[in-house]
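Worksheet: the structure to be examined is printed underneath.
Source: prediction; values computed, not measured. If you read the sequence from its start, that first residue is 1, and numbering goes on from there.
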Amino acid sequence: MSFGSGGSGVSGRGVGVFDAVVLAGGGARRLGGVDKPGLRVGGRALIDRVLAACEQARTTVVVAAPREVAREVVWAREEPAGAGPLAALAAGVRAAGGSGAAGSAEAAGSAAAADGAEGAPVVVVVSADLPFLDGAAVRGLLVRLAEGGADAVLARDAEGRDQPLVGAYLRAPLVRALEEIRAEKGELTGLPLRRLTSRLTLDHLAEEDGAPVSFDCDTWGDLAAARARIREHGHVLNEWILAAKEELGIDLDVDIRVLLDLARDAAHGVERPAAPLTTFLVGYAAGRAGGGPEAVAEAARKAAALAERWAAEVPPEPEAGTG
């Protein structure tokens with residue numbers, strides 16, 4: 001199974017409900033210490049793109065200093081600040097409702113047993129600098145976790161490396177592993193993520209060609225590559241629609257092809273400026289009718305029918321020599 005082939009929901013093993021933990025507190029050393037989550041790709045901050053991908057989460061925790069973001073989140077911070085991704089992950093899990101790495105090793109069993117009451121049974125863990133992560137990728141991880149017997153499912157990049165910061169984890173084994181590490185090491189500061197993943201049963205989800213969901217923006221070159229990619233022919237329109245909806249506060253999924261066909265018919269059958277004006281009027285009419293995909297589709301149907309009638313009235317071009 002690969003990204004993009006997952007279903008629209010999650011079933012089995014009770015993993016339909018999940019929390020999301022977004023790690024956004026790194027130092028961005030290779031970017032000169034800039035505010036990396038705030039860098040924009042396709043007109044949207046990287047962190048807002050990631051939060052949109054996790055919009056179905058019951059609770060979304062961002063581990064970083066609070067900032068303005070496009071969605072409602074819970075803020076958490078590792079202690080001390082800058083203690084590394086493992087400490088940040090533990091702080092996020094704890095804030096999402098579980099016990100995370102808090103308490104003693106003896107408390108690990110009771111913490112794991114209380115997971116169902118204190119937090120969602122699954123935690124999706126992602127970094128805040130993933131420009132190509134989307135909801136379909138998150139669903140793919142969840143579906144794979146539901147299908148198998150692993151403790152976690154991680155994205156696997158094109159080079160065959162598992163990516164622990166693009167993964168779905170069962171909460172109970174995640175909590176137990178964090179507790180075990182703290183009991184052995186005394187603290188989580190500075191420890192690598194492999195200390196965690198080595199204690200879990202792992203599965204992976206390979207990225208399809210053209211779906212680099214684990215691609216992160218660690219350098220200026222990465223950022224430039226991401227900005228160039230979304231402007232390619234196969235991506236730019238969808239990226240623009242997503243950015244526009246976010247900017248306008250619109251939570252509406254419509255069939256883009258219907259609107260494009262309508263714009264084409266209006267441009268060809270009437271006059272080129274009719275295309276944007278017609279699609280604007282369709283949106284206005286749909287809003288007056290209560291909004292929603294059905295209202296947009298009905299308004300577009302009526303306008304398309306009008307465009308067809310209009311075009312049908314155009315007399316045929318005279319044949320050469322008959323004028």
Kindly compute the distance separating [atom1] ([X]) from [atom2] ([Y]), expressed to the nearest 0.5 Å.
X    : Y    : atom1 : atom2 : answer
E159 : E207 : CD    : CD    : 9.0 Å
L39  : D129 : CG    : CG    : 9.5 Å
L174 : L89  : CG    : CG    : 6.0 Å
L193 : D162 : CG    : CG    : 12.5 Å
R171 : D151 : CZ    : CG    : 14.5 Å
L205 : L154 : CG    : CG    : 10.0 Å

For residues [X] and [Y], report the shortest heavy-atom separation together with the two atoms involved.
X    : Y    : value
R77  : A91  : O-CB, 3.8 Å
T278 : A303 : CG2-CB, 4.1 Å
L262 : A304 : CD1-N, 3.5 Å
P37  : A45  : O-CB, 3.7 Å
L191 : K185 : CD1-CG, 3.9 Å
A168 : L142 : CB-CD2, 4.2 Å

Indicate yes or no: does [X] engage [Y] in a salt bridge with an N to O separation below 4.0 Å.
X    : Y    : answer
E239 : R49  : yes
E184 : R199 : yes
R301 : E298 : yes
D48  : R40  : no
E55  : R71  : yes

Below 4.5 Å, heavy atoms only, C-beta onward: do [X] and [Y] meet side chain to side chain?
X    : Y    : answer
R67  : D35  : yes
V126 : L133 : yes
L31  : D218 : no
V61  : V73  : no
L51  : V69  : yes

Is there a donor-acceptor pair under 3.5 Å between the side chain of [X] and the backbone N or O of [Y]?
X    : Y    : answer
R231 : R227 : yes
D19  : A120 : yes
D222 : T219 : yes
Y169 : L200 : no

When clusters are formed by joining ILVMFWY residues with side-chain heavy atoms under 4.5 Å apart, either directly or through shared neighbours, do [X] and [Y] land in the same one?
X    : Y    : result
W220 : L46  : yes
V258 : V270 : no
L306 : V282 : no
V41  : V34  : yes

Next item on the list: Given side chain to side chain contact (heavy atoms under 4.5 Å, CB included), test L170 with L145 step by step and report yes or no.
Entry: CA-CA 8 Å; L170 289 177; L145 187 64; 3.9 Å; yes
Next item on the list: Start with the C-alpha distance between V63 and V22, add both sets of side-chain angles, then the distance that settles side chain to side chain contact (heavy atoms under 4.5 Å, CB included), and finish with yes or no.
Entry: CA-CA 6 Å; V63 186; V22 179; over 6 Å; no
Checklist line | Test side chain to side chain contact (heavy atoms under 4.5 Å, CB included) applied to V124 and V21, step by step | finding: CA-CA 6 Å; V124 169; V21 172; over 6 Å; no
Notebook entry, point to check: Do R229 and F132 meet the cation-pi criteria used here (NZ or CZ under 6.0 Å from the six-membered ring centre, within 45° of the axis)?
Noted result: yes
